[in-house]
Amino acid sequence: MSWYEDLSLWSGFSDVLFSAERARHAAELVATSPLLAFPPGSRVLDQGCGVGFFAVPLARRGHRVTGVDIHRELLDRAEAEAAGTGSGASFVRADVREYVSPDAFDVVVNMYTSFGYFDEHDDNLQVLRNAYRSLVPGGTLIVDLLSKEIYASWVGPPKIVDVPGGMVVMRDTILDDWTRYRTDWTLVRGDRAEHTSLTCWVYSAAELTDMVAQAGFEKVECFGNFAGGPYDGGATRLIVRGTKA
Ligand SMILES: C[S@@+](CC[C@H](N)C(=O)[O-])C[C@H]1O[C@@H](n2cnc3c(N)ncnc32)[C@H](O)[C@@H]1O
């Protein structure tokens, strides 16, 4: 089993990945970011939607959202969150390497570093190709992640993040000449420690831009934050936008 198929990673470390603070922040980005301001009633595909932190607020804004994730349990949480909001959100359990719905969406989003998980670079590219095929002509792709440049500015000594009743110790190791990294997480609560580890590709802006273009997209642009600022030395995220011609 690959690390991303292991539900215990996503649910065990849920206090970090899917915290209430992250939910609020994602909802605020959906409400304020010019990069997430799609025409009313857009059909939006959220690749690797998790518990719906972006999918649900997008649906609340009146978009018709389909969230895709490999873990049923996370989708159940997203569905529960969407229920009762009168939103047009649906959730599909599928692998993003396989999920394609030709010409069905106006927008595809891939948020919060849900990209670069697969051992083979070509499988990561396939996720972008699937986004391209799923979009109508003129449709928009948004990929949001931590890039190589941003990662390089903070990788170093282990970091500690407080979570309810304990803490998570995070250690990062750069692998294979800066093509990948491994993150080791140890969750400590009382006298119990739980460990998990994940290995991801880490792409630079130039590398990801090339991949997005290779998948067929045009007008490929990079942004360094959700306000639409430049991807420069002050960038906090890499957000790549592309258009299907
Ligand atoms: C870092 S989380 C981000 C979730 C969500 N985009 C957010 O902003 O909260 C990455 C998500 O990708 C999902 N995932 C991992 N591998 C996947 C795959 N092969 N196909 C579909 N989803 C996958 C995980 O289950 C997880 O929910």
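Counting starts at 1 for both ligands and their atoms, in listed order. These figures come from a predicted structure and were not determined experimentally.
- Of all protein heavy atoms, the one lying nearest to atom 2 (S) of ligand 1 is Trp10 CZ3, 3.6 Å.
- Counting the atoms of ligand 1 from 1 in the order shown, those under 4.0 Å from a heavy atom of Phe54 are 8 (O).
- For the residue pair Tyr151 and Asp172, a side-chain donor N or O sits within less than 3.5 Å of a side-chain acceptor on the partner.
- Under 4.0 Å from ligand 1, not a single heavy atom of Ala26 appears.
- Listed by number with element, the atoms of ligand 1 under 4.0 angstrom from any heavy atom of Phe118 are 19 (N).
- At the top of the distance list for atom 26 (C) of ligand 1, counting protein heavy atoms only, stands Asp69 OD2, 3.5 Å.
- There is a side-chain donor-acceptor pair under 3.5 Å between Asn130 and Gln126.
- Considering backbone and side-chain atoms alike, Asp95 places an N or O below 3.5 Å from some N or O of ligand 1.
- The closest side-chain donor-acceptor pair between Ser147 and Arg237, if any, does not fall under 3.5 angstrom.
- A cation-pi arrangement is present between Arg22 and Tyr112 under the rule of less than 6.0 angstrom and at most 45 degrees off the ring axis.
- Formation of a donor-acceptor pair under 3.5 Å by the Arg64 side chain with backbone atoms of Gly41 is found in this model.
- Nearest-heavy-atom check against atom 14 (N) of ligand 1 across Asp46, Ile70, Asp6 picks out Ile70.
- Between the side chains of Glu21 and Ser19, no donor N or O sits under 3.5 Å from an acceptor N or O.
- Of all atoms in ligand 1, numbered sequentially from 1 with element shown, those under 4.0 Å from a heavy atom of Leu74 are 25 (O), 27 (O).
- Between the side chains of Glu149 and Tyr231, at least one donor N or O lies within less than 3.5 Å of an accepting N or O.
- From the protein, the heavy atom lying nearest to atom 3 (C) of ligand 1 is Ser114 OG, 3.2 Å.
- Checking Trp3, Tyr117, Tyr4, Phe53 against atom 1 (C) of ligand 1, the nearest heavy atom belongs to Tyr117.
- Of all the listed residues (Asn110, Thr113, Val96), Val96 holds the heavy atom that lies closest to atom 20 (N) of ligand 1.
- With 3.5 Å as the limit, one finds a donor-acceptor pair spanning the side chains of Asn124 and Tyr203.
- The contact set between ligand 1 and Ala94, taken as ligand atoms under 4.0 Å from a residue heavy atom, comprises 20 (N), 21 (C).
- The protein atom (non-hydrogen) at minimum distance from atom 6 (N) of ligand 1 is Gly48 O, 2.8 Å.
- Contact annotation: for Arg22 versus ligand 1, heavy atoms closer than 4.0 Å belong to the side chain alone.
- Classification of the Phe118-Tyr4 ring pair by plane angle, with boundaries at 30° and 60°, yields perpendicular.
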